[in-house]
Amino acid sequence: MASDSRHRPVETVETAFDIVDAVKRADGARITEIAAELELAKSTVHRHVKTLESRGLLVQEGDTYRISTWFLDYGIHVRNRHRLFDVAKPKVDELAAETDEKVWCVIEEHGMGVHIYGAEGRHSVKTHARIGQRTHLHQFAAGKAILAHLPDERIEGILDDYGLSAQTDRTITDRDELRDHLETIRERGYAFNREESVIGVHAVGAPIRNESGTAIGAISIAGPANRLRGDLMTENLPDLLLGATNEVEVNLAHS
């Protein structure tokens, strides 16, 4: 039986997005470099690049092409229309001011964690995390808090799609171990990240749930491992987070 054409990918569209991704990863690339990385003919890449440039999605600087600010408009539009952004933002700012650490609000989309807002306290550490970043859910505190509060079949689907890659040598990469870990998170209501995404950094994350108990996002607090430890890590910060996420949940339910 012939496959249903409605569900087959459009190759030209896939190629265009592969090119955009390649340009982004390289922080600017020439046509020959894009063609070599993607194993495409230079003529094919040239046609796609010129089309993307004509639509404003790429900009040319000499013989190098870069991502345009068109994507910034899309990204801000998407973030600002998300219900969680407006409701969670004040609590993220408040937690950053109270703890002096880095605080993030994260959502799940297509099985990945997406950082939609962050606030810095006076002693925040700099890491690779940034607004718009997509991260495997099992690798960080907010992601694990979300993952633990999704339906079982959804969890298994995400693990089937993305696997359990390691960000550091402390990232959980065994399914059985992760399942046990998620059960513990459900029982206590929050997740820990002990150098599982960045060596030298600890974090605590708590889910933001809807009326059915399914996570729609999470808030996390991150800081240096030598500062986030003991009672601060295991009691004080979780209490702050649970109070903040509960307030966000109530406000979401009545907004």
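These numbers were taken from a predicted model, which means no experiment stands behind them. Index from 1, following the sequence. What's counted below: heavy atoms across the whole structure, side chains too, no hydrogens, waters or symmetry copies.
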By side chain to side chain donor-acceptor pair (under 3.5 Å) - contacts of Glu211 (at least two apart): none

Candidate list Gln167, Gln139, Lys144, test side-chain hydrogen bond (donor to acceptor under 3.5 Å, both in side chains), partner Glu196, passing option: Lys144

Any side-chain heavy-atom pair of His128 and Gln133 under 4.5 Å: yes

Geometric class of the Phe192/Tyr190 ring pair [parallel <30°, tilted 30-60°, perpendicular >60°]: perpendicular

Salt bridge (charged side-chain N to carboxylate O under 4.0 Å, His left out) pairs, two or more places apart, involving residues 114-123: Asp100-Arg122, Lys102-Glu120, Glu120-Lys126

Rounded distance (nearest 0.5 Å) linking atom CD of Glu39 with atom CG of Asp18: 11.5 Å

Pairing residues for Glu37 by the side chain to side chain donor-acceptor pair (under 3.5 Å) criterion, not counting sequence neighbours: Arg25

Under 4.5 Å side-chain linkage, directly or through intermediates, the cluster mates of Ile76: Leu72

Contacts of type ring pair (Phe, Tyr, Trp, His ring centres under 6.0 Å), residue Tyr65, not counting sequence neighbours: none

salt_bridge(Arg154, Glu108) N-O dist < 4.0 Å: yes

Heavy-atom closest contact (Thr245 atom, Pro207 atom, distance): CB-O, 3.5 Å

Pairs meeting criterion salt bridge (charged side-chain N to carboxylate O under 4.0 Å, His left out) with involvement of residues 171-182, two or more places apart: Glu156-Arg175, Glu156-Arg179, Asp160-Arg175, Asp176-Arg179

Sequence neighbours excluded - salt bridge (charged side-chain N to carboxylate O under 4.0 Å, His left out) pairs with any residue from residues 221-245: Glu101-Arg227

Pairing residues for Lys89 by the side chain to side chain donor-acceptor pair (under 3.5 Å) criterion, not counting sequence neighbours: Asp93

Contacts of Asp63 that satisfy side chain to side chain donor-acceptor pair (under 3.5 Å) - sequence neighbours left out: none

Closest heavy-atom pair and its distance - His149, Arg186: NE2-CA, 4.0 Å

Considering all heavy atoms, the nearest Val204-Leu241 contact: O-CD1, 3.2 Å

Other ILVMFWY residues reachable from Ile155 by side-chain steps of under 4.5 Å: Trp104, Val106, Met112, Ile131, Leu137, Phe140, Ile146, Leu147, Leu150, Ile158, Leu159, Tyr162, Leu164, Ile172, Leu178, Leu182, Ile185

Within residues 49-60 or reaching into it, pairs that qualify as salt bridge (charged side-chain N to carboxylate O under 4.0 Å, His left out) - sequence neighbours excluded: Lys50-Glu53

Donor-acceptor pair between Glu33 and Thr64 side chains, under 3.5 angstrom: no

Members besides Ile199 in its Ile/Leu/Val/Met/Phe/Trp/Tyr cluster (side-chain heavy atoms under 4.5 Å): none

